[in-house]
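Taking it in order: structure first as structure tokens, then the write-up.
All of these numbers come straight from a predicted model, not from anything done at the bench. Hydrogens, waters and symmetry mates are skipped; everything else that's a heavy atom, side chains included, is used. Read the numbers this way: they start at 1 and go in the same order the structure lists the ligands and their atoms. FYI, the numbering just counts along the sequence from 1.
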Amino acid sequence: MVDLKGQYEQIKDQVNTSIQEVIDNTAFINGPEVHSFQKELEEYLDVKHVIPCANGTDALQIAMMGLGLEQGDEVITADFTFAATVEVIALLKLTPVLVDVEPDTFNINPEAIRKAITPKTKAIVPVHLFGQIANMDEIMAIAEEHNLCVIEDNAQGIGSTYQFKDGKKVKTGGIGHVGATSFFPSKNLGCYGDGGAIFTNDDDLAHTIRGIVNHGMYVRYHHDVVGVNSRLDSIQAVILRAKLPLLDSYNNARRAAAKKYNKAFEGIAHIITPRVKGNCDSAASTICDTCNCHVFHQYTLRIVDADRDALVKHLNDNGIPCGVYYPIPLHNQKAYTDDRYNEADFPVTNQLVKEVISLPMHTELDDEQIEFITTTVIEFLNK
Ligand SMILES: *Cc1c(COP(=O)(O)O)cnc(C)c1O
């Protein structure tokens with residue numbers, strides 16, 4: 001699904017040298033490299049505060065702790081996403097409220113958010129799923145109307161830019177009150193282990209969060225709040241410093257591959273190619289060259305009126321990896337079922353879990369690979 005070896009070859013000298021320097025300096029934790037990466041990411045994202053942490057799941061949890069959400073507060077998020085989002089809500093004894101997504105973007109449906117709001121609702125967690133930005137015009141408007149916090153799960157969307165209807169452009173992660181990302185190796189900006197970060201433009205929240213990641217300490221050995229231990233280590237920071245300047249070119253390579261996939265699948269029965277939907281000029285179902293409204297963390301097709309699972313098997317039999325993200329709606333997962341949910345409220349997610357298939361997507365895909373993958377898919381569907 002990803003080719004991290006090919007990507008490494010291009011930054012090998014820099015990465016190897018700087019890892020050696022970290023070892024020579026022995027500043028493995030909280031070293032200067034972590035601080036430099038933090039500053040560089042703040043500049044890249046144009047966000048006031050980046051707080052590095054141990055992984056993307058921690059980033060979400062710490063963001064929610066920082067906002068001071070309390071037991072019983074309701075947090076609305078998408079039914080169709082990776083479980084980390086709902087997991088941390090539940091861990092903090094908040095009440096997850098899962099809602100349906102849009103059939104074209106796979107992202108949280110603003111109308112469904114509106115319907116789910118109660119007096120207990122305190123926050124919304126949009127996930128920029130597969131690298132496409134959720135409808136932030138609507139989500140921010142709903143949040144303002146009902147005085148809710150917005151926590152962006154930017155684990156799959158880093159490097160993308162949202163253009164608001166009024167033309168204003170903001171990088172994802174810095175749109176909501178707080179953002180969270182993951183540097184898991186296969187993410188668009190990945191390190192060689194675990195890593196994550198929290199983003200905010202709010203000085204007070206940033207201060208609170210910096211204490212939370214460090215055992216609730218604001219002054220050494222004075223524990224003012226219950227915190228956690230969540231750190232990015234220096235070795236991961238040097239890898240991220242080598243990759244950050246290349247993130248835009250990585251995302252361009254992903255977009256170029258997505259375009260080639262889309263072209264090959266044009267007009268093929270049983271396939272719905274990913275729809276790019278933003279407010280930018282070329283948003284009408286094409287993939288734009290000029291903005292970053294979709295950074296293709298995944299390239300995900302819908303397979304309609306055909307046997308998706310048999311296609312998965314056919315691809316695997318031909319040596320082509322593929323993924324089904326995600327096969328079970330969160331509201332049907334044992335850990336997250338709840339009497340509040342009604343199957344009729346999740347028509348889109350219930351359908352998507354049967355139809356989606358993600359094809360290999362990374363920065364090193366070449367024309368020959370794309371040709372082989374697309375002809376193998378088409379051959380199966382034409383049978
Ligand atoms: C990867 C991911 C996470 C969790 O990140 P980890 O670093 O693996 O903890 C959270 N949300 C989404 C949408 C993700 O894709």
Closest non-hydrogen atom pair, Ala197 against Ala59:
O-CB, 3.4 Å
Counting heavy atoms only, which of Ala155, Ser182, Gly195 comes nearest to atom 7 (O) of ligand 1?
Ser182
Polar side chain donor-acceptor pair, His49 to Asn201, under 3.5 angstrom
no
Do me a favour and list the nearest non-hydrogen protein atom to atom 13 (C) of ligand 1 with residue, atom name and distance?
Asp153 OD2, 3.4 Å
If you count the atoms of ligand 1 from 1 in the order shown, which ones are under 4.0 Å from a heavy atom of Gly56?
5 (O), 6 (P), 7 (O), 9 (O)
Check the pair His314, Phe380 against ring-ring contact (aromatic ring centres under 6.0 Å, His included), reporting the backbone distance first and the verdict last.
CA-CA 7 Å; His314 180 74; Phe380 172 86; 5.3 Å; yes
Verify the distance criterion only: is there a donor paired with an acceptor across the side chains of Thr85 and Thr77 at less than 3.5 Å?
no
Side-chain donor-acceptor pair under 3.5 Å between Thr181 and Asn154, yes or no?
no
Strictly under 4.0 Å, does any heavy atom of Lys187 approach an atom of ligand 1?
yes
Please report which non-hydrogen protein atom sits nearest to atom 15 (O) of ligand 1, along with the residue it belongs to and the distance in Å to one decimal place.
Gln156 NE2, 2.8 Å
Got the closest protein heavy atom to atom 4 (C) of ligand 1, with its distance?
Thr57 OG1, 3.5 Å
Taking only heavy atoms of Asn55 into account, list the atoms of ligand 1 that are under 4.0 Å away from them.
7 (O), 9 (O)
Using a strict cut-off of 4.0 Å, indicate which atoms of ligand 1 neighbour a heavy atom of Val127.
13 (C)
Students often mix this up, so state it plainly: with edges at 30° and 60°, are the rings of His223 and His215 parallel, tilted or perpendicular?
perpendicular
